[in-house]
Student: 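Structure provided below as structure tokens; questions to follow.
Every chain is numbered from 1 and lettered A, B, ... according to where its sequence line falls, protein lines coming before strand lines.
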Amino acid sequence: MSELVIKDLHVTVETDDGIKEILRGVDLTITSGQTHAIMGPNGSGKSTLAYAVAGHPKYTIPSGSVTLDGADVLDMSVDERAKAGLFLAMQYPVEIPGVSVSNFLRSSLTALRGEAPKLREWIKEMNAAMKEIGMDQAFSERNVNEGFSGGEKKRHEILQLELMKPKIAILDETDSGLDVDALRIVSEGINRTVERNNTGVLLITHYTRILRYVKPDKVSVFVDGRVVATGGQELAEELEANGYVKFSKATAGA
Amino acid sequence: MSSALQEKEILFKSIDARPDRIASSNPDDFLVPNGREEEWRYTPLKRVGNLHNDAKSEQDITYEVVAASGISHSILSRDEVKTKFLATDRISSRTQSLWNKALVIDIPQELETKDLTWIKVDIKSGVQYGHIIINAKAHSKATIILEHVGEGIAGINCEIIADVNSNIDFITIFDLARKGVIVSEHQFVINKDANIRSLVVQLGGDVVRYVPRAKFSGNHGAVELLGVFLATNGQFFENRVFVDHNMKDCKSNVLYRGGAQGEGSHTVWVGDVLIRKIATGTNTYEMNRNLLLDDGARADSVPNLEIETGEVEKAGHASVTGRLDDDQLFYLMSRGIDEHTARQLVIEGFFSGIFGEFTHPELKERLNERLNAAIERSYR
């Protein structure tokens, strides 16, 4: 049983106009085997939350804490966070010219598992995982994310999720830019991971569409750098019907 | 007219209003550079052991050759060598007038071999000058590797002459010890239907200045001038490439990828392509991409293209210099890969586009080994 605990997290970023506070005291707990959806309008700071927890150097954390099973995540380097069991599926996965998918995945799993997977078993494992997510084997020889379509990039992220078996996964708008078929395939991959590996998922999304395929145990509404409401699936339905207006007003008035 | 003058030729009228360049076998035709000349403005002349001024030859150069079967090699003195080599700057003309022993490699007509021919030049402490001639006869096919190591100071020129329909891969490696200095002019002459694919790799040494110049002696020739360089810890690497399209329907492709890291590290790439009036049907492209690995390093990149005829098939030039992408490192590290390995993957990936062209397993392995050792050194 693992637990990612985010307490009173404040995050700032340097802009041309000076330092800007994006997260203004976030409290969240993600537990193994549970899916927690975070929904919010554009610019509310959802992606900042994901990147700050994963350790992107662009973000500064003046106060607050993030712990994974009691260990101080903010004290870890980016790769140490991954080794501790954190995973971030990115909204815009980065192209890495000249580095093949198979070389990348093998380097990653070697680092995470502490030893290089045996070649034969590795190829079997990779091919099986690629088949499940509907990626052609030829992808393994392509350069990481280079020339991938939006859907291919997201499948590649979920492929990594399934291979890396993290304790806690943060999925940053994995549903955006996907057509219905791709959305279904990607959602199945997320559900498999929760089921097989008991991964705890923080599912960041702008739309309720993905929640038809991935059933959240909890839904939180994220506005203006903090969580403003938390509930069950019914909260998502309310958002679908009425949008974020009510919650935006609530913070504006606060 | 003196003999030196007779051997002189006007090479080309350069763009940006530089005076016509000359080529000569006589060093006195070139003034001692002071560093303000366009040719020398980047080169740290204080660090070249006076090669540009009056450094005497202190010893003969040593060549070690392991040749593929059928390829012959000999070491000859000045009066045994016939060469039309005309140097194009002060150091290469001094080199041309001061070498004692030349290495001549002969690839016989119609010989085709996949085996590698390795030339190793160990530059000993002190000053030395050398000259290498590679003669590829008609319809031959071979791969020659010229590898420079050592800690001394050297001027070494090389002629690569590809006769009709020959096919030559030529790989030059500069991987000297940290204080080593080398200045080299390589002249490629490509005959009808011949094809030279050249790769230069610069990884080790204090100063490496490389001047590859290609011209054609028949129509329908093709040349590729590829390069990979990585300057770290204050190293200076310079490439001045010139392709002279002086024949019809020839093709050239110049592609250099470089990296620089650390305070005082400096790379220079200057590419000149001239398409003469006679050279209709030319197809040429030159490109330099640089990766700056931190704030202390500097890369200069100057692509030039001069077209004197309206009938070219294709002509382009480009230069891009960027920084190592934080987002690429973050992506890799977020998958558990440590920073050291992540940087290595990104840098290797950056260079692989060029190394990938060379598929001979031994060559590939040796190139990757040397590159990895250079990346490794950058952490010290």
Student: Tell me whether the centres of the aromatic rings in A:Phe104 and B:Tyr331 are closer together than 6.0 Å.
Tutor: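 A:Phe104 vs B:Tyr331: aromatic centres under 6.0 Å.
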Student: What residue, out of B:Glu339, B:Glu348, B:Gln328, has the most heavy-atom pairs lying under 4.5 Å from chain A?
Tutor: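 With the most close heavy-atom pairs to chain A, the winner is B:Gln328.
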Student: Are B:Phe330 and A:Leu88 packed together at the side-chain level, in the sense that at least one heavy-atom pair is separated by less than 4.5 angstrom?
Tutor: yes
Student: Would you say A:Tyr59 has more than 12 foreign heavy atoms packed within less than 6.0 Å of its OH?
Tutor: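 Check passes, neighbour count above 12.
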Student: Does the pair B:Val346 and A:Val99 meet the rule for a side chain to side chain contact (heavy atoms under 4.5 Å, CB included), with working shown?
Tutor: CA-CA 7 Å; B:Val346 172; A:Val99 178; 5.8 Å; no
Student: Surrounding NZ of A:Lys153 (heavy atoms of other residues, nucleotides or ligands, distance under 6.0 Å), is the total greater than 12?
Tutor: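 Yes, the 6.0 Å shell around NZ holds more than 12 heavy atoms from other groups.
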Student: Looking at every non-hydrogen atom in both residues, tell me the closest pair between A:Ala82 and B:Ser334 and how far apart they are.
Tutor: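 It is CB-O, 3.3 Å.
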Student: Step through the shown structure and confirm whether more than 12 heavy atoms of other residues, nucleotides or ligands are within 6.0 Å of NZ on B:Lys141.
Tutor: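 Counting neighbours around NZ of B:Lys141, 12 or fewer heavy atoms of other residues, nucleotides or ligands fall under 6.0 Å, so no.
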Student: Side chain to side chain contact (heavy atoms under 4.5 Å, CB included) for A:Asp79 and B:Asp338? Distances and angles first, verdict last.
Tutor: CA-CA 6 Å; A:Asp79 56 311; B:Asp338 64 87; 3.5 Å; yes
Student: So for atom CD, which belongs to B:Glu362, do other residues, nucleotides or ligands contribute more than 12 heavy atoms lying within a distance under 6.0 Å?
Tutor: yes
Student: Using a 6.0 Å cut-off, check whether atom CD of B:Glu369 has over 12 heavy atoms from anything other than its own residue.
Tutor: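 More than 12 within 6.0 Å, yes.
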Student: Please check if any side-chain donor atom of B:Asp326 sits under 3.5 Å from a side-chain acceptor atom of A:His56, or the reverse.
Tutor: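 No - no donor-acceptor pair under 3.5 Å links their side chains.
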Student: Should the heavy atoms of other residues, nucleotides or ligands under 6.0 Å from CD of B:Glu357 be counted, would the total exceed 12?
Tutor: yes
Student: Can you give me the closest heavy-atom contact between A:Ala111 and B:Gly336, atom names plus distance?
Tutor: CB-O, 3.1 Å
Student: May I ask you to test the B:Leu345-A:Asn103 pair for a side-chain heavy-atom distance under 4.5 Å?
Tutor: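 A side-chain contact exists here, since the closest heavy-atom pair is under 4.5 Å.
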Student: So which atom in A:Val94 and which in B:Asp327 form the shortest heavy-atom distance, rounded to 0.1 Å?
Tutor: CG2-O, 3.7 Å
Student: For the residue pair A:Ser107 and B:Arg335, establish whether any side-chain heavy-atom pair is separated by less than 4.5 Å.
Tutor: no
Student: Taking side chain as everything from C-beta outward and backbone as N, CA, C, O, which of these in A:Pro166 sits under 4.5 Å from a heavy atom of chain B? Side chain, backbone, both or neither.
Tutor: neither
Student: Highest number of heavy-atom pairs under 4.5 Å with chain B: which of A:Met90, A:Glu95, A:Lys58?
Tutor: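 When all of A:Met90, A:Glu95, A:Lys58 are compared, A:Met90 has the most.
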Student: Below 4.5 Å from any heavy atom of chain B, which atoms of A:Asn145 appear? Answer side chain, backbone, both or neither.
Tutor: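 Just its side chain gets close to chain B.
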Student: Measuring heavy-atom distances to chain A, does B:Thr341 have an atom under 4.5 Å in its side chain, in its backbone, in both, or in neither?
Tutor: neither
